[in-house]
Enquirer: 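Provided herewith is a single structure, encoded as structure tokens, for subsequent inquiry.
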Number of protein chains: 2
Amino acid sequence: MSLRHALLAALSQGEASGYELAKRFDVAVADYWTATPQQLYRDLERLEQDGLVEARVVEQTRRPNKRVFTMTDAGLAELRAFGERPSKPPAMRDEFLVKVQASDRTGDPAAILEAARAREARSREKLARYDQLRDRLLEGRSEEDYLRDSDEVGPYLTLMAGRMYEQLNIDWTATVIATITHRQEPAAG
Amino acid sequence: MSLRHALLAALSQGEASGYELAKRFDVAVADYWTATPQQLYRDLERLEQDGLVEARVVEQTRRPNKRVFTMTDAGLAELRAFGERPSKPPAMRDEFLVKVQASDRTGDPAAILEAARAREARSREKLARYDQLRDRLLEGRSEEDYLRDSDEVGPYLTLMAGRMYEQLNIDWTATVIATITHRQEPAAG
DNA sequence: ACCCCATATTCAACAAATTGATTAGGTGCG
DNA sequence: CGCACCTAATCAATTTGTTGAATATGGGGT
């Protein structure tokens with residue numbers, strides 16, 4: 001039940017509504033914690049019931065009203081306790097890798113090629129968005145300076161992991177594409 | 001319900017019992033599809049009911065008997081159909097990254113340092129095991145030769161992704177450790 | 001003898017995730 | 001005026017995943 005902690009961690013970066021959290025998760029958290037909006041809303045309810053977050057309604061004129069959530073002291077305490085427990089190993093579910101594993105049996109190299117290109121394109125998009133976020137965080141400073149002097153490094157370090165992961169995907173899909181392409185060619189000379 | 005496909009993909013590499021699959025998942029599949037033994041047994045049941053795999057009992061004298069599963073033609077057809085559908089984006093759950101993200105608020109750099117070292121050690125172990133598997137697959141051939149000439153590339157390519165991922169973790173945790181260590185030092189000169 | 005470990009599988013209870021739909025006001029476009 | 005899209009949230013049903021335990025056999029060590 002650890003989406004709760006991912007939510008608390010996100011709220012530790014500042015208050016947000018469920019909708020805003022959904023977007024935050026989509027753009028910046030998805031590479032280490034995946035969740036749908038429905039999940040977020042449901043768990044925010046429960047966090048509120050447990051007193052780990054507080055909600056207040058913000059009335060808006062040109063948009064629907066929203067409920068903005070803030071982490072409570074109890075929430076911070078829970079996050080701290082979580083931080084001191086050993087972590088579960090990362091859990092992954094990646095359909096494309098399953099397809100690659102079975103690709104020698106399923107034939108159809110064209111389908112995998114197409115999927116690999118789609119995967120690469122998606123990773124490039126994510127990387128580009130991550131790079132924007134990075135530039136915004138750095139504000140012109142170098143990475144070394146930022147990591148040494150800024151008052152906050154957590155979000156930068158996780159962003160860095162996300163960037164590295166997307167770069168890995170770009171490199172790896174390139175190998176997959178090259179491999180399949182070469183093997184499709186009739187072995188000439 | 002895609003553990004079914006991960007199971008079919010694993011069985012496409014050859015028949016296996018539930019117990020053997022659990023180990024296969026643990027050592028070679030875990031970096032792209034996580035599942036517990038209980039899940040495997042349960043889904044193997046269902047795959048059998050749906051006619052996608054077949055089981056036969058292998059009597060053993062020095063060990064408990066086991067049920068060995070084989071993919072059926074219907075199973076292969078299902079795997080092919082799966083291969084042609086678009087893939088869902090990868091889903092991740094990584095507690096340690098959540099802790100790093102919140103680390104500026106939770107204080108206690110010692111706890112994160114320790115967790116980072118544990119993570120690095122685990123990745124090194126996994127990488128070492130992956131390297132063994134790789135050497136066994138290559139049988140002395142170079143990677144380039146293998147990818148061009150061998151009759152099977154799927155398992156090698158997924159193994160490659162796993163190796164790259166563990167290497168990423170080693171590199172990234174090194175940065176985390178260096179960052180936290182530097183920031184803990186009293187800023188001298 | 002005793003205990004622990006590895007093989008091999010199963011059951012049940014509970015918690016969490018996924019899927020799909022629904023409601024509702026506002027904005028921008030043609 | 002109608003349509004599509006964005007903000008904002010909620011509901012319900014079903015499928016998956018997690019946790020903990022139980023069972024049975026045999027091998028190795030002290």
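Both backbone and side-chain heavy atoms feed into the values below; hydrogens, waters and symmetry mates do not. Here the structure is a predicted model, which means the values were calculated and not measured. Quick note on labels: first sequence line is chain A, next is B, and so on, each numbered from 1.
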Enquirer: Is the phosphate of D/dT7, meaning OP1 or OP2, less than 4.0 Å from a side-chain N or O of A/Tyr19?
Expert: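 Yes, within the criterion.
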Enquirer: Touch check for B/Asn65, heavy atoms < 4.0 angstrom, all strands: base, sugar-phosphate only, or nothing?
Expert: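 Sugar-phosphate: the residue B/Asn65, judged by heavy atoms under 4.0 Å, touches backbone atoms but no base.
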Enquirer: Anything under 3.5 Å between a donor and an acceptor, one on a side chain of residues 55-62 of chain A, the other on a protein residue two or more places apart or in another chain? List them.
Expert:
residue: A/Arg56; atom: NH1; partner: A/Glu15; partner atom: OE1; Å: 2.8
residue: A/Gln60; atom: NE2; partner: A/Pro64; partner atom: O; Å: 2.7

Enquirer: Less than 4.0 angstrom between a side-chain N/O of B/Gln38 and OP1 or OP2 of D/dT18, yes or no?
Expert: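 For D/dT18, OP1/OP2 do not have a side-chain N/O of B/Gln38 under 4.0 Å.
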Enquirer: Is B/Arg67 touching bases, backbone alone, or none of the nucleic acid, heavy atoms closer than 4.0 Å?
Expert: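 The residue B/Arg67 makes sugar-phosphate contact but no base contact.
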Enquirer: With heavy atoms under 4.0 Å as the rule, sort B/Thr34 into base, sugar-phosphate or nothing.
Expert: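 The answer is nothing, as B/Thr34 stays clear of every strand by at least 4.0 Å.
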Enquirer: Can a side chain N or O of B/Ser17 be found less than 4.0 Å away from OP1 or OP2 on C/dT9?
Expert: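 Result: yes.
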Enquirer: Measure CZ/B/Arg4 against C1'/D/dT15 and give the value in whole Å, please.
Expert: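 The answer, rounded to whole Å, is 11 Å.
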Enquirer: May I ask you to check whether B/Ser123 and B/Glu166 show a side-chain donor-acceptor distance below 3.5 Å?
Expert: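 B/Ser123 vs B/Glu166: donor-acceptor pair found between side chains.
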Enquirer: Relative to the 5' end of DNA chain D, which residue comes earlier, A/Arg63 or B/Arg62, by the nucleotide with the nearest heavy atom?
Expert: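 The 5'-side residue here is A/Arg63.
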Enquirer: Given the structure, check if the side chain of B/Arg93 and the base of C/dA17 hold any donor-acceptor pair shorter than 3.5 Å.
Expert: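 Side chain to base: no pair present.
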Enquirer: Just checking B/Asp135: does its CG atom have more than 12 heavy atoms from other residues, nucleotides or ligands closer to it than 6.0 angstrom?
Expert: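 Atom CG in B/Asp135 is crowded, with more than 12 foreign heavy atoms closer than 6.0 Å.
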Enquirer: Round to a whole Å and report the spacing from CE of B/Met92 to P of C/dA17.
Expert: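 Rounded to whole Å, this separation is 16 Å.
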Enquirer: Which residues pass the salt bridge (charged side-chain N to carboxylate O under 4.0 Å, His left out) test with B/Arg67, not counting sequence neighbours?
Expert: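 Salt bridge (charged side-chain N to carboxylate O under 4.0 Å, His left out) check on B/Arg67 returns B/Glu45, B/Glu48.
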Enquirer: Which is true for A/Gln60 with a 4.0 Å heavy-atom rule: it touches a base, it touches only sugar-phosphate, or it touches nothing?
Expert: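 Sugar-phosphate contact only.
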